[in-house]
Amino acid sequence: GRYDDNSEFDDIATWRAGLSHEVDAGIRVRLSYGTGSKTPTFTERFGFFPDFFIGNPDLVPEESRGWEVGGEWDLIGDQLTVGGAYYRTKLKNEIDGFVFDPDNFAFTAANKNSDSERKGFELFLNSRPVEGVLVTASYTYTDATEDDAEGNAVREVRRPRHMASVNVDWRFAQDRAGLNLNVNYTGKQFDLFFDPATFISETVTLGSYTVVDLAGSWRLTESLELVGRVANLFDEDYEEVLGYSRPGVAFYGGVRGRFDF
């Protein structure tokens with residue numbers, strides 16, 4: 001449980017409870033229910049960027065309630081674990097930071113009048129196929145909807161229905177070296193385009209994308225380790241928000257030290 005005594009908003013109490021039960025050796029089921037809250041950021045309330053964004057000091061916190069039920073199953077000893085979960089969440093007073101204010105001819109933030117709902121399921125797999133190798137994979141399906149001006153349920157923007165990831169971690173050379181490969185897939189999603197000439201917004205589609213990251217390390221001594229990482233290995237060109245392109249390929253390297261005192 002958590003209690004927030006806030007000087008700007010009503011006091012907020014949130015909580016979460018969970019239950020886990022081992023049905024049989026290696027088989028577990030779980031159930032959880034919880035509430036949450038998110039207060040508006042300083043920028044959402046008081047930000048000011050001329051001809052672009054004006055904050056809204058009248059915003060109220062977002063509130064959510066949700067539950068999840070799932071389970072997992074250990075197979076082949078501890079070499080393979082599979083599982084999944086179904087979840088459902090309702091969000092109230094969601095903050096939209098992309099609302100056009102015709103009085104000021106700029107964007108602002110506002111609480112949505114209607115609730116939004118997210119529901120879906122997640123599948124995951126953890127595997128140790130050979131010595132020193134750990135493979136984890138997951139897939140998430142999300143159906144996120146909200147009511148439009150006519151009261152019809154429509155898909156929320158910036159909420160991809162399909163997301164998946166695979167991570168391979170390999171330790172070798174008597175555990176002195178390591179390689180990590182991470183692949184993240186995000187399916188297509190919707191966003192809003194506001195035409196500054198006509199002041200009319202329309203829904204557009206952002207394409208799906210796959211981002212691959214590669215990292216490695218080599219322990220020189222008990223205290224020193226060389227580290228390196230390549231982000232967005234294949235220089236994927238993609239957007240998570242319309243008009244804001246994400247960084248291309250990037251290379252990082254360094255030395256990490258561990259010392260006892």
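In this structure, Arg246 pairs ionically with Glu240, as a charged nitrogen and a carboxylate oxygen lie closer than 4.0 Å. A salt bridge links Arg30 with Glu68: at least one charged nitrogen is closer than 4.0 Å to a carboxylate oxygen.
Evaluation of the side chain to side chain donor-acceptor pair (under 3.5 Å) rule for Thr39 yields no partner, not counting sequence neighbours. In terms of the side-chain contact (heavy atoms from CB on, under 4.5 Å) criterion, residue partners of Phe107 (sequence neighbours excluded) are, by chain and number, Phe53, Phe98, Phe100, Phe194. Shown here are the salt bridge (Lys or Arg N to Asp or Glu O under 4.0 Å) partners of Asp175, two or more places apart in sequence or in another chain: Arg171. Taking Asp237 as the reference, nothing meets the salt bridge (Lys or Arg N to Asp or Glu O under 4.0 Å) condition, with sequence neighbours excluded. Under the rule for a side chain to side chain donor-acceptor pair (under 3.5 Å), Gln189 has no partner lying at least two apart in sequence or in another chain. Residues passing the side chain to side chain donor-acceptor pair (under 3.5 Å) test with Asp213, sequence neighbours excluded: none. In this view, Arg65 satisfies the side chain to side chain donor-acceptor pair (under 3.5 Å) rule with no residue, not counting sequence neighbours. In this view, Glu8 and Arg45 satisfy the salt bridge (Lys or Arg N to Asp or Glu O under 4.0 Å) rule, not counting sequence neighbours.
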Which donor-acceptor pairs under 3.5 Å do the side chains of residues 252-261 make with protein atoms, sequence neighbours left out?
residue : atom : partner : partner atom : Å
Arg256  : NE   : Glu225  : OE1          : 3.3
Arg256  : NH2  : Glu225  : OE1          : 2.9
Arg258  : NH1  : Glu225  : OE1          : 3.4

Could you give the side-chain donor-acceptor pairs of residues 108-126 under 3.5 Å, partners two or more places apart or in another chain?
residue : atom : partner : partner atom : Å
Thr108  : OG1  : Ile54   : O            : 2.6
Asn111  : OD1  : Val60   : N            : 3.0
Asn111  : ND2  : Val60   : O            : 3.0
Asn111  : ND2  : Asn93   : O            : 2.8
Lys112  : NZ   : Glu146  : OE1          : 2.7
Lys112  : NZ   : Glu146  : OE2          : 3.4
Ser114  : OG   : Asp147  : O            : 3.4
Ser116  : OG   : Glu94   : OE1          : 3.0
Glu117  : OE2  : Arg88   : NE           : 3.0
Glu117  : OE2  : Arg88   : NH2          : 3.3
Arg118  : NE   : Glu156  : OE1          : 3.1
Arg118  : NH2  : Glu94   : OE2          : 3.3
Arg118  : NH2  : Glu156  : OE1          : 3.1

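In this structure, the separation between CZ on Arg128 and OG1 on Thr81 is 9.0 Å, given to the nearest 0.5 Å. Going from atom CZ of Arg229 over to atom CG of Asn182 covers 11.0 Å, rounded to the nearest 0.5 Å. Rounding to the nearest 0.5 angstrom, the gap separating the OG atom in Ser208 from the CD atom in Glu236 is 8.0 Å. Note that CG of Leu206 is 9.5 Å distant from CZ of Phe190, once rounded to the nearest 0.5 Å. His21 contributes atom NE2, which lies 9.5 Å from atom CG of Asp24 (distance to the nearest 0.5 angstrom).
Taken together through direct or relayed side-chain contacts under 4.5 Å among Ile, Leu, Val, Met, Phe, Trp and Tyr, Val130 and Phe172 form part of one hydrophobic cluster.
Looking at Tyr3 and Asp11, their side chains come closer than 4.5 Å, going by heavy atoms from C-beta outward. Side-chain contact between Leu75 and Val82 is present, with at least one heavy-atom pair separated by less than 4.5 Å. Contact annotation: the side chain of Val183 approaches that of Thr210 to within less than 4.5 Å [non-hydrogen atoms, C-beta and beyond]. Leu181 places a side-chain heavy atom less than 4.5 Å from the side chain of Val212. When side chains are defined from C-beta on, Arg28 counts as touching Asp74, because their heavy atoms get closer than 4.5 Å. Looking at heavy atoms from C-beta onward, Asn232 lies out of side-chain contact with Pro247 at the 4.5 angstrom threshold. Within the 4.5 Å cutoff, side-chain heavy atoms of Asp143 are placed close to those of Thr145. Using a 4.5 Å cut-off on side-chain heavy atoms (C-beta onward), Ser32 and Arg16 make contact.
When the shell of 6.0 Å around CZ of Arg158 is examined, it contains more than 12 heavy atoms from other residues, nucleotides or ligands.
For Tyr139 and His162, the side-chain atoms include at least one donor-acceptor pair closer than 3.5 Å. In summary, the side chains of Ser64 and Thr89 do not present any donor paired with an acceptor at a separation below 3.5 Å, with no hydrogens or angles considered.
The stretch residues 209-228 participates, sequence neighbours left out, in these ring-ring contact (aromatic ring centres under 6.0 Å, His included) pairs: Tyr209-Tyr238.
The hydrophobic cluster containing Phe46, built from Ile/Leu/Val/Met/Phe/Trp/Tyr side-chain heavy atoms closer than 4.5 Å, also comprises Phe42.
Of the possible polar contacts, none joining the Asn6 side chain to the Asp10 backbone as a donor-acceptor pair under 3.5 Å is found. Not a single donor-acceptor pair under 3.5 Å links the side chain of Thr142 to the backbone N or O of Ala144.
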